[in-house]
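Reading through the structure tokens given below for one structure.
All values derive from a computational prediction rather than experimental measurement.
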Amino acid sequence: MADIRHALMIKYGLGRQPTQAESDIWFVEVEKLKRQGVSSEEAGRRAAQAQLPGFKSKIYASEGDTVETLLLRVRDK
Amino acid sequence: MTASTGVPSWLTDVAIPIGTFVLGFLISHFTLSKRDRKDIEQTNYENTERLIEQHKAAFERYCSVLKAYDDAEEPTFDHFYAIATAGEAYFYQARLMADAVLSEKVDTQIRDSTLMPKLKEMTNKTLPLHYSVLQSIAKKKEFEYHGELRRSDYESIYSAVERFSIGP
């Protein structure tokens, strides 16, 4: 389950990894929205915004993204 | 034992002890106790952590010289050379990581969640880009540079990605 919490942090740019309780609430909320006809992706996003700490407060770039960004800057300099 | 028991003495004196020794050796060699297995898992975990630490240091060094080039008003050949060498060290470190993956000396959970995505990003993106950027700077600035991406230089990275990477 730790992986899911970590994945939530990365995907939604959270300020910290959510607790198990927070991620459970998120999950329940997503299911509720989906039953109302909201798409999975949109339900996940809305529930994260409403229930998880520091939604979109950080950007977690992967190592490859960081290297790519720097290399392109260097190339175009 | 002697031949009087009906069993040839060479068998009891030599063959059986040797046979028992060889059998014992083979059994202990090919079957691992629970504890041995735990020890291997622990060693693999420690190997993996060390590889990640070293990789992180190489990554930071590579980023810092890329940043130095970008920050320089008029980048020199030294700036360029620093990128070439720090990049080489970064990919060399990744090669060691890939070697450890191929010889199954890493924690499998960390391999799948962390090492393979890193290595895959290299083969898909950063390795080709590193060389093409260096070539394009060298051309633009008229620096002497003949580096090119050869799979054979990074064979273990490509092999590890082909064998262990999950997903497209």
Problem - Basic-acidic side-chain contact under 4.0 Å: B:E74, B:K141 - result: yes
Handout entry: Part of B:F59 within contact of chain A (heavy atom distance under 4.5 Å)
Key = side chain
Practice task
Specify which of B:K56, B:K67, B:K118 makes the most heavy-atom pairs with chain A at under 4.5 Å.
Solution key: B:K118
Fill in the blank from the handout: Heavy atoms of A:R5 and A:Q20 approach each other most closely as NE-OE1, 3.4 Å
Problem - Flag, side chain of B:T85 to backbone of B:A82, donor-acceptor distance under 3.5 Å - result: yes
Exercise for the section: Verify whether one side chain among B:Y62 and B:H130 offers a donor that lies under 3.5 Å from an acceptor in the other. Expected result: yes
Practice task
Give the member of A:E63, A:R73, A:E68 that has the highest number of heavy-atom pairs under 4.5 Å with chain B.
Solution key: A:E63
Practice task
Using non-hydrogen atoms and a 4.5 Å limit, figure out which bit of B:T126 sits close to chain A: side chain, backbone, both or neither.
Solution key: both
Handout entry: Within-4.5 Å side-chain heavy-atom neighbours: B:F143 and B:L134
Key = no
Handout entry: Toward chain A, the part of B:I137 with a non-hydrogen atom under 4.5 Å
Key = side chain
Completion exercise
Turns out that what part of A:D65 lies under 4.5 Å from chain B's heavy atoms comes down to both
